[in-house]
Amino acid sequence: MEKEFLTETHRSVTLNVTGGKIDSFREKEETTGTVRVYENGCIGVAGCLGTPDEQALTDKARDALALGIPYPSKLGGALEQESLNEKEIIPVSELIPTMQSFLDRLGEACPRLAFSNKISLNYRRAEYRNSLGRHLTSSGSNVDIQLLAQNRGSGNLFDTSFGYKGADFDPDALLSQFGKEYDAFYSSADITSGRYPVVMDISDLLGGTLQHFIAEMYASGASLLSGKLGKKFFSDRLSLKNDMNPATNPGVCFFDTEGCVAPDLRPTLIDRGTLVGLLTTKKSAEKLNLPNTGTAAAPYDGVPTLGFNRFYAEPTAPTLSALVPGKAIYIVMTSGGDTTPDGHFAAPVQMSYLMENGRLVGRLPELNIGGDFSDLLGNDYIGAVRGDPSPDSMLCAVVMDVKKSK
């Protein structure tokens, strides 16, 4: 009988912001424990909330083998690895006064906007051990600022947004960046319909197509990628990964729930235009005869299933001005888009700016953007940049069809 033992602790403090003032907070801590055992091609799972009793969970998991749930026993071999990021970003006791001071300064810098939504301080620690000698430990924190901004008197619930997520908190740098967006918000800009370089978060572009990377969908023939594994289908400039690296995704766990550790801590889906990986668990990889990329997740008391953190596109330029010199459209808010079964992407854009040489010029009217999946990641893909305009930015640039919606 082979065995895996996992523990995980999450702590968070979330502040609610209304009209630029913190009006409530919620503090939460949760610890879970899991034991998975494997024997004769089956899996037994037991889990608990709170500090785990490993032996008691092992006994329950062994009893659960009688349920006959099929699952391959493919444990990773001996490996000791840890990534401990225990630096305190902001002491919990100082979080409210620190963030209220930041909100007050933001309100002074952006007096025509009213801010609301959430600010959170998050911590996660995860540990994995198995009977073959693998022992992995990961910990990290992040501060997550997600503010909705209403143009005072507009009548809208919100008109734009300001966001940041990272392992550091530099209020001066954030105020500088948010100030640039504020100035551009109150400067009007316009374009004619046509084809333009569009700069947007990589997840906004690809979030609707994530299902096409799922191994089962690929094998069924229903994916836009079916039959393309190992083949070059995209731009040479595109390398796409699942970001499990704490250096670029603070607070993330660097291994998956089955103890897999990817090279550079980012399971690769596309490498320089070639589809090299899909979203798999050890079970789906074995069943479908596919390589396992190490993207499994699991409830504390359940069998492994698929997981995903966030897209990481390998940077091709150091700055936005180098990525898209000249005019481009910078997307702030897009919601309601979709990709059709034959691969056509279309989305309404509620908030965007005209950008020239990496500088925000002015606010554009509402737009509609679109293009074909194969083109957007092929001939129309320009590249990606990380850390511009803010340290947590992961942006891509793609040539798209752009139309004004009004």
Side-chain angles (χ1 to χ4, degrees), residues 1-10 31-39 41-47 51-52 54-55 57-58 61-62 71-87 123-141 167 215 239 241-269 271 276-310 312 314:
M1 184 182 75
E2 302 292 354
K3 170 183 163 182
E4 295 172 303
F5 175 62
L6 302 90
T7 61
E8 192 159 342
T9 296
H10 292 263
T31 296
T32 61
T34 304
V35 169
R36 296 194 290 258
V37 296
Y38 303 85
E39 193 171 55
C42 294
I43 186 174
V45 183
T51 304
E54 183 175 351
Q55 186 56 54
L57 288 179
T58 301
R62 187 183 292 111
Y71 208 95
S73 175
K74 289 184 173 291
L75 303 191
L79 174 66
E80 290 269 352
Q81 188 169 337
E82 63 179 26
S83 174
L84 303 179
N85 301 284
E86 298 285 345
K87 184 187 72 172
Y123 172 82
R124 178 186 184 186
R125 180 184 176 92
E127 183 176 2
Y128 170 98
R129 287 190 279 110
N130 73 24
S131 52
L132 298 184
R134 180 160 293 215
H135 188 192
L136 311 171
T137 309
S138 180
S139 70
S141 303
S239 290
K241 306 178 181 185
N242 176 13
D243 196 359
M244 299 170 69
N245 191 321
T248 49
N249 191 7
V252 74
C253 180
F254 73 84
F255 53 89
D256 79 346
T257 194
E258 296 186 301
C260 297
V261 180
D264 81 353
L265 309 182
R266 301 184 186 103
T268 301
L269 303 174
D271 182 26
V276 297
L278 299 164
L279 301 179
T280 58
T281 63
K282 289 180 179 179
K283 181 177 181 179
S284 65
E286 180 180 83
K287 178 182 178 181
L288 302 173
N289 194 29
L290 294 169
N292 181 36
T293 53
T295 54
Y300 71 90
D301 57 354
V303 299
T305 184
L306 287 179
F308 191 79
N309 294 282
R310 74 170 187 178
Y312 178 89
E314 200 67 43

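As the structure is a computational prediction, the values presented were derived from the model and not from experiment. Atoms considered below: every heavy atom in the structure, side chains included; atoms not considered: hydrogens, waters and symmetry mates.
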Distance, nearest 0.5 Å, that separates OG1 of Thr280 from CG of Asn292
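That separation rounds to 3.5 Å.
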Between Glu39 and Arg62, does any NZ, NE, NH1 or NH2 come within less than 4.0 Å of an OD or OE carboxylate oxygen?
no
Testing Glu82, Glu8, Glu86 for salt bridge (charged side-chain N to carboxylate O under 4.0 Å, His left out) with Arg125, which one passes?
Glu86
For Arg134 and Arg129, indicate whether the former's side chain and the latter's backbone hold a donor-acceptor pair under 3.5 Å.
no
Looking at CE of Met1 and OH of Tyr38, how far apart are the two atoms once the value is rounded to the nearest 0.5 Å?
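Between Met1 CE and Tyr38 OH, I get 12.0 Å after rounding to 0.5 Å.
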Tell me if a side-chain donor or acceptor on Thr293 pairs with a main-chain N or O of Leu278 at a distance below 3.5 Å.
yes
With the side chain counted from C-beta on, respond yes when Gln81 and Phe254 share a heavy-atom pair under 4.5 Å apart, and no when they do not.
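Of all side-chain heavy-atom pairs linking Phe254 with Gln81, at least one is under 4.5 Å.
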Could you pull out the closest heavy-atom pair between Val45 and Val303, with the gap in Å?
CG2-CG1, 4.0 Å
Enter the distance from Leu132:CG to Glu4:CD here, rounded to the nearest 0.5 Å.
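Separation between the atoms: 9.0 Å.
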Looking only at atom types and distance, does a side-chain atom of Asp256 sit under 3.5 Å from a main-chain N or O of Ala296, one as donor and one as acceptor?
yes
Looking just at side-chain N and O atoms, do Thr9 and Thr31 make a donor-acceptor pair shorter than 3.5 Å?
yes
Spatial distance of atom OH (Tyr128) from atom CG (Leu75) [nearest 0.5 Å]
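Atom-to-atom, Tyr128:OH and Leu75:CG are 5.0 Å apart.
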Donor on one side chain, acceptor on other, Asn242 and Thr295, under 3.5 Å:
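Result is no, nothing qualifies.
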Within a strict 4.5 Å, meaning less than it, do heavy atoms of the Tyr312 and Met244 side chains meet?
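With C-beta onward as the side chain, the pair stays apart.
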Polar contact flag, side-chain donor to acceptor under 3.5 angstrom, Glu258-Thr281:
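Absent: no donor and acceptor within the cut-off.
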Mind checking the OG1-CG spacing from Thr32 to Asp301? Nearest 0.5 Å is all I need.
9.5 Å
